[in-house]
K.L.:
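Before we start, here is the structure in question, set down as structure tokens.
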Amino acid sequence: MKPTPTHFLSIIIPTYQQERTIITNIRRIQKVLESIRYPYEMIVVIDGDEDNTTHRLKKSHINKLTLISYQKNKGKASAIRRGMKQAKGDYVMFMDAGNEIDPNGISMLLE
């Protein structure tokens, strides 16, 4: 029997011009999040809506995903701050959309 979770995780994923890989990368992160013991939300912040990233994410119907986008690129730090304003979790993490860091590190950091 799984213990009742006492925490909620918000993971902020800033992205810029990732239309070709965004769905694969978000699903990879989601797969890891599904294996942890905490409920979670993913907040993707599209920092400069200059390609089809927003359109592809809207069509994907990925569960537990909040999408924030704005037209002008303001930089990664701005995207993270914007995501943090939306975050509901008592644990908040961020991970690049390009998966430069292995998503499996999420569970190690939570422990």
Side-chain angles (χ1 to χ4, degrees):
M1 188 167 126
K2 242 182 172 179
T4 304
T6 57
H7 295 287
F8 187 78
L9 172 65
S10 295
I11 185 156
I12 300 162
I13 307 164
T15 185
Y16 176 69
Q17 294 188 346
Q18 294 282 323
E19 72 178 281
R20 287 186 295 221
T21 59
I22 192 68
I23 302 303
T24 301
N25 293 341
I26 295 299
R27 291 199 190 281
R28 185 172 174 219
I29 293 168
Q30 184 180 37
K31 184 177 178 183
V32 170
L33 291 171
E34 289 294 329
S35 71
I36 65 173
R37 64 180 179 205
Y38 301 116
Y40 69 89
E41 66 178 344
M42 294 183 293
I43 302 170
V44 175
V45 183
I46 300 172
D47 181 30
D49 195 3
E50 299 174 2
D51 63 2
N52 288 317
T53 303
T54 300
H55 177 70
R56 295 205 58 206
L57 282 169
K58 284 181 179 178
K59 280 182 30 180
S60 71
H61 304 290
I62 296 173
N63 292 331
K64 302 180 184 182
L65 179 72
T66 299
L67 183 59
I68 301 169
S69 70
Y70 43 88
Q71 290 301 120
K72 186 177 181 208
N73 178 271
K74 298 177 183 179
K76 185 177 180 177
S78 180
I80 291 169
R81 283 192 302 272
R82 183 79 176 263
M84 289 181 83
K85 288 179 183 177
Q86 286 287 134
K88 297 177 186 129
D90 52 322
Y91 290 161
V92 179
M93 303 173 82
F94 73 91
M95 173 171 279
D96 288 339
N99 281 173
E100 284 84 11
I101 298 172
D102 186 345
N104 289 307
I106 294 169
S107 57
M108 288 187 288
L109 287 170
L110 286 171
E111 294 307 316

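Start at 1 with the first residue, then count along the sequence.
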K.L.:
Decide yes or no for Val44 and Leu65: does some side-chain heavy atom of the first lie under 4.5 Å from some side-chain heavy atom of the second?
P.N.:
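Yes, side chains in contact.
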
K.L.:
Would you check, one step at a time, whether the test side-chain contact (heavy atoms from CB on, under 4.5 Å) holds for Leu33 with Leu9?
P.N.:
CA-CA 9 Å; Leu33 291 171; Leu9 172 65; 3.6 Å; yes

K.L.:
Just checking Met84: does its CE atom have more than 12 heavy atoms from other residues, nucleotides or ligands closer to it than 6.0 angstrom?
P.N.:
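Open: at most 12 neighbouring heavy atoms sit under 6.0 Å from CE of Met84.
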
K.L.:
Indicate yes or no: at least one non-hydrogen side-chain atom of Met42 is less than 4.5 angstrom from one of Ile13.
P.N.:
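Counting from C-beta outward, Met42 and Ile13 do come under 4.5 Å.
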
K.L.:
Do Lys74's NZ or CZ and the ring of Tyr70 fall within the cation-pi criteria of under 6.0 Å and 45°?
P.N.:
yes

K.L.:
How would you list, by chain and number, every residue that makes a side-chain hydrogen bond (donor to acceptor under 3.5 Å, both in side chains) with Thr15, sequence neighbours excluded?
P.N.:
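Partners of Thr15 by the side-chain hydrogen bond (donor to acceptor under 3.5 Å, both in side chains) criterion come out as none, since no residue qualifies.
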
K.L.:
Can I get a per-line list of side-chain donor-acceptor pairs under 3.5 Å for residues 56-64, giving both atom names and the distance, sequence neighbours left out?
P.N.:
{"from": "Arg56", "atom 1": "NH1", "to": "Glu19", "atom 2": "O", "distance (Å)": "2.3"}
{"from": "Ser60", "atom 1": "OG", "to": "Leu57", "atom 2": "O", "distance (Å)": "2.6"}

K.L.:
Which residues satisfy the side-chain hydrogen bond (donor to acceptor under 3.5 Å, both in side chains) test with Gln86, sequence neighbours excluded?
P.N.:
none

K.L.:
Where do Asp49 and Ser69 come nearest, in terms of heavy atoms and distance?
P.N.:
OD2-OG, 3.9 Å

K.L.:
Check side chain to side chain contact (heavy atoms under 4.5 Å, CB included) between Ser10 and all other residues, then give those that pass, not counting sequence neighbours.
P.N.:
Phe8, Glu41, Ala87, Val92

K.L.:
Taking all non-hydrogen atoms of both residues into account, name the closest pair between Asn25 and Ala97 and its distance.
P.N.:
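Heavy-atom minimum between the residues: ND2-O, 2.8 Å.
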
K.L.:
If you take all heavy atoms of Ile68 and Gly83, which pair is closest and at what distance?
P.N.:
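Shortest heavy-atom separation between Ile68 and Gly83 comes out as CD1-CA, 4.4 Å.
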
K.L.:
Starting at CE of Met93, measure out to CD1 of Ile29 and round the result to the nearest 0.5 Å.
P.N.:
10.5 Å

K.L.:
With side chains defined as the heavy atoms from C-beta onward, is the minimum distance between Thr53 and Gln17 less than 4.5 Å?
P.N.:
no

K.L.:
Please name all residues satisfying side chain to side chain contact (heavy atoms under 4.5 Å, CB included) with Tyr16, sequence neighbours left out, ordered by chain then number.
P.N.:
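Side chain to side chain contact (heavy atoms under 4.5 Å, CB included) check on Tyr16 returns Glu50, Asn73.
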
K.L.:
Taking CZ in Arg27 as the centre, count heavy atoms belonging to other residues, nucleotides or ligands within less than 6.0 Å. Is the count above 12?
P.N.:
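Enclosed: over 12 neighbouring heavy atoms sit under 6.0 Å from CZ of Arg27.
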
K.L.:
List in chain and number order the residues that pass side chain to side chain contact (heavy atoms under 4.5 Å, CB included) with Lys76, two or more places apart in sequence or in another chain; answer none if no residue qualifies.
P.N.:
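Lys76 satisfies side chain to side chain contact (heavy atoms under 4.5 Å, CB included) with Pro14, Ile80, Phe94, Asp96 only.
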
K.L.:
Aromatic rings Tyr91 and His7: how do their planes relate, parallel, tilted or perpendicular, breaks at 30° and 60°?
P.N.:
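Plane angle under 30°, so parallel.
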
K.L.:
Kindly give the heavy-atom pair with the smallest separation between Asp51 and Gln18, and that separation in Å.
P.N.:
OD2-N, 3.3 Å

K.L.:
Please check if the side chain of Ser35 supplies one atom and the backbone of Val32 the other of a donor-acceptor pair under 3.5 Å.
P.N.:
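Side chain of Ser35 to backbone of Val32: a pair is present.
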
K.L.:
Does the side-chain contact (heavy atoms from CB on, under 4.5 Å) test come out yes or no for Leu67 and Thr54, once each step is laid out?
P.N.:
CA-CA 8 Å; Leu67 183 59; Thr54 300; 3.9 Å; yes

